[in-house]
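Have a look at the structure below, then the notes.
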Protein chains: 2
Amino acid sequence: METTHRQDRLSTAERRRRELLEAAERVVLRDGPGASMNAIAAEAGITKPILYRHFGDKGGLYRALAVRHTDALVDSLRAALDAPSDRRERVEAALDTYLAAIEARPQVYRFLMHPAEDPAEDPAGDRGFDVGQHSAPLLRRLGEELATVIAERIELGPEGEERARVWGHGIVGMMHAAGDWWLRERPCPRERLVEHLTDLLWGGLVTAEDRADGPGL
Amino acid sequence: METTHRQDRLSTAERRRRELLEAAERVVLRDGPGASMNAIAAEAGITKPILYRHFGDKGGLYRALAVRHTDALVDSLRAALDAPSDRRERVEAALDTYLAAIEARPQVYRFLMHPAEDPAEDPAGDRGFDVGQHSAPLLRRLGEELATVIAERIELGPEGEERARVWGHGIVGMMHAAGDWWLRERPCPRERLVEHLTDLLWGGLVTAEDRADGPGL
DNA sequence: ATCCATCTGTTACTAGCGGTAACAGAAATA
DNA sequence: TATTTCTGTTACCGCTAGTAACAGATGGAT
């Protein structure tokens, strides 16, 4: 039967694809973002051309990996924003969700965001899993998602759409940059970072006083 | 005389270095961030080993290029924050300065921030000017600079230092992500982007009303 | 049974990359 | 004049992403 045949083909192909993705993930978690296609193929117990037949190129493999994690993260964030509490608590929950995610799996985060770590750590070659600025797709997607949530739920008057998108991308960028810095330096516990960021979003810059000395801001 | 000799040596070496940097900049502006060491050497009219004698490795050449631009940008931002006006106007000026800079020289900006563009645009090889996530150094530096300005000028109570650093990195991240998105999509004139971002920092999230429909935020 | 198409997998290669060793000539020093 | 030092080259290494070409297996159609 043709349909059965087709279905079997697709099924085995998909199972293969899953295996390859899992192997790739293992290698990326072990070797960092500089994992090479050769290494991934070896880990999967096959050779390069198969990898290329399944994913086209290195970027395709990356994207397949990234989509999984990004989907999971987006789901968590949506859940946090759907919690039954007031606005500030929801924002705190969303920030905390993101930060908890990158704290829990920093290797995954680094892979998604940072093509290659410190160049000094990878002297043999940074020509690894670069694939053209990964972070942009992930960050842009998060920004767009947040923008739609904002536009759906908050009344922003005329140009509200535009405003929502600016805010979405801006807030995501704030979260990302602060999280990146915090993950590197770990200057304080997570809840305090969340608090500081929420305060900033809640108009901290307006209410704070100038220092007595200094030129003021 | 020995001193003269030394001085001449240093002088010629430094002039050479400048020439090489300018050649590198030309190539980067022409070929995008994927410029190769070979191409840069060719543009400078010499061969690779000379490049490596001057800059050590690709990362060294990148850093030399990046420091120039970053210095200039930091100076502009400091100037904007020193203007004699109220706080909101200063923040607007700083945002506008940054956005005007990336608008005026987007290639430079992309080079500083994005190791390789869309992978599909660079099929021949993305193993170009990656050098381990450029953006981090630049963004981290901007974040730290802003943090010190905030800490110097605003009274933030206990843990003010920590708060200032979180805010510094957060605001820089917001500016960067929003600017990156805006530069790609150009959905509105610059001044309106500045206005939206300032509104966000000025507590826009607090004062906005829930929409009548929808679950609210 | 046989032919044909298709899928899976391999080996062996290309072109280009970052980076370096080894050498050749010029210039200043002794 | 002999020697060091600087500038520059050619020719290479090991690595990468990506591909062409081929070798069996599998399964339906005649």
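All values below come from the heavy atoms of this structure, side chains included, with hydrogens, waters and symmetry mates left out. Quick note on labels: first sequence line is chain A, next is B, and so on, each numbered from 1. Quick caveat, the model's predicted, so the values are computed rather than measured.
- Classification of the B/Trp181-A/His169 ring pair by plane angle, with boundaries at 30° and 60°, yields parallel.
- In the set D/dG8, D/dA17, C/dT10, D/dA17 carries the atom at the smallest distance from any side-chain atom of A/Ser36.
- Set against C/dG18, C/dG9, D/dT9, the side chain of A/Arg16 has C/dG9 as its closest nucleotide.
- Atom CD1 in B/Ile40 sits roughly 11 Å away from atom P in C/dC17 (whole-Å rounding).
- For the pair B/Arg17 CZ and D/dT7 C1', the computed distance is 17 Å after rounding to whole Å.
- The 12-atom threshold is not exceeded at CD of A/Glu161, counting heavy atoms of other residues, nucleotides or ligands nearer than 6.0 Å.
- Computed from coordinates, the A/Asn38 CG to D/dA17 P distance equals 7 Å when rounded to whole Å.
- Residue A/Arg105 places its CZ atom among 12 or fewer non-hydrogen atoms of other residues, nucleotides or ligands, all under 6.0 Å distant.
- The shortest distance between the side-chain N/O atoms of B/Arg53 and the OP1/OP2 oxygens of C/dG19 is not below 4.0 Å.
- Protein atom CD1 of B/Ile46 is 12 Å distant from nucleotide atom P of D/dT10, rounded to whole Å.
- Of all nucleotides listed (D/dT9, C/dG19, D/dA17), D/dA17 comes nearest to the side chain of A/Met37.
- Counting only heavy atoms from C-beta on, A/Pro49 has its side chain closest to D/dA20 among D/dT9, D/dA20, C/dG18.
- Under the 6.0 Å distance and 45° angle rule, A/Arg186 counts as a cation-pi partner of A/Trp182.
- Comparing atom distances between the A/Lys48 side chain and each of D/dA17, C/dG19, C/dG9 picks out D/dA17 as nearest.
- Applying the 3.5 Å distance criterion, the base of D/dG18 shares no donor-acceptor pair with the side chain of A/Lys58.
- Not less than 6.0 angstrom separates the ring centroid of B/Tyr62 from the ring centroid of B/Phe55.
- For D/dG8, the OP1/OP2 oxygens have no side-chain nitrogen or oxygen of B/Thr47 closer than 4.0 Å.
- Taking atom OH of residue A/Tyr52 and atom P of nucleotide C/dT10, one finds them 15 Å apart after rounding to whole Å.
- Distance A/Tyr62 OH to D/dA17 C1': 18 Å, rounded to the nearest Å.
- The distance from atom CZ of B/Arg15 to atom P of D/dC6 is 17 Å, rounded to the nearest whole Å.
- If you take CD1 of B/Ile50 and C1' of C/dT20, they are 14 Å apart, rounded to a whole angstrom.
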